[in-house]
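This report refers to the structure that appears directly beneath it.
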Amino acid sequence: MIRVSVDSAPIELSVEVAALEERGAGGVATFTGLVRGDDGVTALELEHYPGMTEAVLIDLAEAATSRWELLGVTIVHRVGIMTPGERIVFVGAAAHHRREALDACAYLIDRLKTDAPFWKREQIGEGARWVEARASDGDAAGRWL
Amino acid sequence: MIRVSVDSAPIELSVEVAALEERGAGGVATFTGLVRGDDGVTALELEHYPGMTEAVLIDLAEAATSRWELLGVTIVHRVGIMTPGERIVFVGAAAHHRREALDACAYLIDRLKTDAPFWKREQIGEGARWVEARASDGDAAGRWL
Amino acid sequence: MDLLYFAWVRERIGTGQERLDPPEAVVNIADLIGWLATLSPGHAEAMREPERLRAAIDQRFVPLDAPLGNAREVALFPPVTGG
Amino acid sequence: MDLLYFAWVRERIGTGQERLDPPEAVVNIADLIGWLATLSPGHAEAMREPERLRAAIDQRFVPLDAPLGNAREVALFPPVTGG
């Protein structure tokens with residue numbers, strides 16, 4: 001079962017986890033990305049490519065289910081404006097065995113970082129800057145080739 | 001910040017995740033182990049070694065924090081009788097960077113499986129059997145040596 | 001052809017979407033970037049460093065030397081930074 | 001010396017804890033297992049396959065050839081299966 005969502009509403013972690021836990025799996029692995037409040041960032045804005053973003057996330061979830069034996073995959077990404085401490089992204093995988101769930105979870109977030117059309121803009125007091133892509137993200141996604 | 005708990009009460013996932021999210025991290029990785037309902041198992045009983053179990057889990061959490069730069073580590077293990085779908089164990093790690101959080105989370109559950117004195121007994125209808133240790137768990141823990 | 005722009009590409013151009021009809025000599029993404037740069041000072045600023053741009057044709061990522069073919073929708077944007 | 005038993009070791013012996021005073025010839029865990037096996041049919045059944053047993057001395061895992069030394073608490077149990 002695949003669930004993909006791109007939404008400006010806050011991510012309801014309990015609801016997402018409960019849906020994965022109900023798949024009858026032996027284990028659920030999750031990763032949640034949060035807005036960090038260091039570096040003076042007061043707000044973060046996420047822009048995406050409507051249509052393409054959702055399609056990429058569905059492809060990514062399907063790639064994970066064909067690579068590992070999974071009972072559930074969830075990818076939820078927030079867009080719009082959020083503040084420090086809020087959730088940006090949630091990925092989760094449910095599987096009979098923990099290794100599958102853990103590996104799939106790492107795979108989903110690594111590949112999402114390089115393959116999904118989202119762009120972050122940091123608000124720092126009165127100013128704002130577009131976040132630059134990091135070479136380390138490409139390296140992390142390359143682990144899964 | 002380390003939190004370790006061995007308790008017969010159900011694991012409150014939302015509470016545990018919220019505590020990790022409040023550490024100001026960029027990411028939180030979690031793994032939750034659940035009682036599987038296949039194989040006809042009607043209940044699972046977890047026995048532990050009071051005193052030693054808690055000490056081993058604290059050592060394990062400290063080993064993770066010295067190996068990776070973590071803002072929070074949580075290990076919660078339930079004991080006593082539980083039914084299919086209920087949570088047996090929750091491990092979580094909060095870090096500035098996702099790789100640390102993901103690796104620490106996998107490390108915690110892999111090593112918990114081989115190092116922490118817990119024993120599982122499956123109830124199947126009228127009968128019961130002690131679960132046998134699996135060689136694959138030793139292999140998984142060996143990855144981290 | 002529908003052109004879509006995201007992030008600082010959108011901001012520099014001043015719009016996120018426009019419909020344009022590139023000349024026949026524009027056969028690939030790199031050509032398109034070069035031609036767009038001639039349209040306005042905002043376009044010029046957005047297209048100034050092609051190596052910092054990424055592209056999608058009909059919602060699939062493509063390299064900058066990809067032919068436009070019968071593209072209905074072409075998007076130009078910086079490297080992605082989600083998650 | 002406090003002896004602790006867990007899981008099927010405890011069930012076979014019929015108690016989770018007992019205080020015993022092993023003879024001087026019992027110097028390591030393997031000796032202890034052999035001596036315990038002589039105490040009762042339940043002990044004998046629990047100690048029948050030493051290779052399936054694991055041990056801790058004063059709440060630290062030890063191999064079966066570990067000397068007892070001044071152990072105050074010795075635990076015997078099957079391989080762990082938590083998580």
Side-chain angles (χ1 to χ4, degrees), chain A residues 4 6 11 31-36 41 44-60 75-80 82 87-91 105-122 128-138 140-141, chain C residues 1-20 28-30 32-33 36-37 41-83:
Chain A
V4 163
V6 178
I11 296 173
F31 177 82
T32 306
L34 302 156
V35 183
R36 287 169 55 177
V41 172
L44 189 70
E45 185 167 358
L46 258 292
E47 182 170 335
H48 77 299
Y49 185 162
M52 180 172 171
T53 303
E54 292 82 351
V56 166
L57 296 183
I58 290 168
D59 284 352
L60 187 48
I75 308 175
V76 181
H77 205 295
R78 191 166 172 197
V79 291
M82 51 210 89
R87 299 178 190 115
I88 307 166
V89 62
F90 169 88
V91 300
C105 181
Y107 170 89
L108 290 168
I109 189 65
D110 281 349
R111 290 211 40 206
L112 183 151
K113 288 257 177 189
T114 55
D115 293 7
F118 290 102
W119 299 272
K120 280 197 186 96
R121 192 167 75 145
E122 292 177 339
R129 66 170 178 220
W130 290 96
V131 173
E132 298 270 337
R134 292 187 307 181
S136 63
D137 285 333
Chain C
M1 183 187 293
D2 285 318
L3 274 294
L4 299 186
Y5 311 118
F6 295 100
W8 52 255
V9 179
R10 173 180 55 70
E11 287 188 332
R12 290 178 186 180
I13 291 175
T15 181
Q17 182 156 14
E18 59 188 339
R19 180 161 290 182
L20 292 173
N28 67 20
I29 297 283
L32 180 67
I33 290 171
L36 287 170
H43 285 81
E45 177 60 16
M47 304 297 146
R48 197 163 50 83
E49 297 165 284
E51 71 281 5
R52 293 182 63 200
L53 295 175
R54 299 293 180 271
I57 293 179
D58 294 332
Q59 307 202 353
R60 301 223 161 247
F61 290 112
V62 294
L64 298 192
D65 61 0
L68 293 173
N70 294 316
R72 293 181 308 278
E73 182 175 300
V74 176
L76 294 170
F77 42 78
V80 303
T81 56

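In what follows, chains are A, B, ... by sequence order, proteins preceding strands, each numbered from 1. When reading the values below, keep in mind they use all heavy atoms of this one structure, side chains included, and skip hydrogens, waters and symmetry mates.
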Look at the rings of W119(A) and F6(C) and say which category their plane angle falls in: under 30° parallel, 30 to 60° tilted, over 60° perpendicular.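 Parallel, since the angle between the ring planes stays under 30°.
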Need one label for [X]: side chain, backbone, both or neither, based on atoms under 4.5 Å from any heavy atom in chain C.
X	answer
D59(A)	side chain
E45(A)	neither
A55(A)	neither
T53(A)	neither

Measure the shortest side-chain to side-chain distance between E11(C) and W130(A) over non-hydrogen atoms and say whether it is less than 4.5 angstrom.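 Result yes, sub-4.5 Å side-chain heavy-atom pair found.
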Student check: side-chain heavy atoms of F118(A) and V80(C) closer than 4.5 Å: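 They are not in side-chain contact.
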Which bit of R10(C) comes within less than 4.5 Å of chain A, counting heavy atoms only: side chain, backbone, both or neither?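 Only the side chain of R10(C) comes within 4.5 Å of chain A.
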Straight-line distance of T81(C) OG1 to E47(A) CD, nearest 0.5 Å: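 These two atoms lie 9.5 Å from each other.
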Could you give me the CA-CA distance, side-chain angles and deciding distance for E73(C) and M52(A), then say whether side chain to side chain contact (heavy atoms under 4.5 Å, CB included) is met? CA-CA 11 Å; E73(C) 182 175 300; M52(A) 180 172 171; over 6 Å; no
